[in-house]
Amino acid sequence: MIPQTPFYYYDTALLRATLAAIAKEVAPYPNYHVHYAMKANANPRLLEIIQQAGFGADCVSGGEVQRAIDAGFPADKIVYAGVGKSDWEILTALRNDIFCFNVESIPELQVINELAAKESKVARVCLRINPDVEAHTHAHIVTGMAENKFGIALKDLLHVVELTNELPNISFEGLHFHIGSQITDMQDYVALCERVNLIQNQLNQLNIYPSVINVGGGLGVDYQMPDLHPIADFNAYFQVFAQHLQLRPNQSLHFELGRAIVAQCGSLITRVLYVKQTDTKQFAIVDAGMTELIRPALYQAKHKIVNLTSRLDIQEKYDVVGPICESSDVFDKDLVLPVTQRGDILAIRSAGAYGESMASTYNCRSLPKSFTDKEVEISI
Ligand SMILES: *Cc1c(COP(=O)(O)O)cnc(C)c1O
């Protein structure tokens, strides 16, 4: 029996295999540390599996820091970035003694120093540098260009490092970068490594020695062919850093992977409510919409969609659309599917990252439920 649709279905066996693949690639490098970027999906059942596999957490809000602590992530494996950290969020992180704040501006640094003083703590910080390195991905998910709001400009770096020395409740730990998301061209990471090498050389000449280098996340997944590439090419990814990044002795290298860990293990399961013909189109109207999965509306993202119940050989073209009162509530256009009817069950694939975590209650809808492969049997 299929539960009430729409819902998220998580293949925890694939998640575990993905985590094992990452662990295998970083095993030769004891100074590599992988933090799971929780904003990709903070479902407690997934967090539990990721935490138990020994990963740290990368947070972008006080709520995420708290969720990470509640899920059992050790505080000394939690990092926290974000351009707009409010006082209570900073206090949450300070009181939990997280590993490191990734600081994005001078005023933020000053506020963290003040709050840390009040709490009689010393805040460990990495400076998030805007490396002005281009990621070849969708414009909305490029973060490391000079025009983006993220990070501290390269030209201000020295000044800010000096400032950290003057602030008594700040401890400068190192540098943080994050150039964007859904990056599939490893040359973008090579460019990042080369930029980091340059920055390190300059800092070392001034006797500044960061102990932490954090290169963020962003590794992409195959949305077109999830069955061919259920697990991202982590070997190629980590090899880029092993070969191109000139780490100093005793430096630790940190990664913040989100999408590549959880995207492929999740599918959004939805039921066809109506098939509607117009003069020019045939619509498959489904009971999931942009409230459950906003990526197509927000980033023109495409997800593979399969009909799990139609066994008909004849194929037809459909615009697969949701019920939300927005013209952008479209999952795909002119998609070829086996003849599809009311009641058919569709799986929208590769929806484990930035799906459930971005769900909303727009149109007074309920937030989506979720089930794992341990709870329902669905063959996708
Ligand atoms: C979103 C984010 C990540 C993770 O990005 P993915 O593309 O999901 O790997 C890592 N670091 C920071 C600072 C982020 O904001």
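All heavy atoms count here, side chains included; hydrogens, waters and symmetry mates do not. Each ligand, and each atom within it, is numbered from 1 in the order the structure gives. On a predicted model such as this, the values are computed, not experimentally measured, just so you know.
Counting heavy atoms closer than 4.0 Å to ligand 1, residue Ser181 contributes atoms from both its backbone and its side chain.
Of the listed residues (Lys39, His254, His176), the one carrying the non-hydrogen atom nearest atom 14 (C) of ligand 1 is Lys39.
At a cut-off of 3.5 Å, with distance as the only test, no side-chain donor of Gln246 or Gln200 sits close to an acceptor on the other residue. In this structure, a donor-acceptor pair under 3.5 Å is absent between the side chains of His136 and Gln187. For Ser370 and Asn43, the side-chain atoms include at least one donor-acceptor pair closer than 3.5 Å. Side-chain contact check for Ser171 and Glu173: at least one donor-acceptor pair (N or O, by modelled atom type) lies under 3.5 Å. Defined by atom type and a distance below 3.5 Å, a donor-acceptor pair is missing between the side-chain atoms of Tyr80 and Glu64.
Between Tyr9 and Phe371, a ring centre-to-centre spacing not shorter than 6.0 Å is recorded.
Ranking the protein heavy atoms by distance from atom 8 (O) of ligand 1 puts Tyr354 OH, 2.5 Å first. Counting only heavy atoms of the protein, atom 4 (C) of ligand 1 lies nearest to Ala37 CB, 3.3 Å. With respect to atom 13 (C) of ligand 1, the closest heavy atom belonging to the protein is Glu256 OE1, 3.5 Å.
Short contacts between ligand 1 and Gly258, defined as distances under 4.0 Å to a heavy atom of the residue, involve ligand atoms 6 (P), 8 (O), 9 (O). Taking a cut-off of under 4.0 Å to the non-hydrogen atoms of Asp58, the atoms of ligand 1 that pass are 3 (C), 10 (C), 11 (N), 12 (C).
For ligand 1, the polar-atom distance check finds an N/O of Gly218 within less than 3.5 Å of one of the ligand's N/O atoms. For the pair Ala260 and ligand 1, the shortest N or O to N or O distance does not fall below 3.5 Å. At under 3.5 Å, a nitrogen or oxygen of Arg259, whether backbone or side chain, sits near a nitrogen or oxygen of ligand 1.
Evaluated for a ring-ring contact (aromatic ring centres under 6.0 Å, His included) with His254, the options Phe241, Phe177, Tyr32, Phe99 yield exactly one hit, Phe99.
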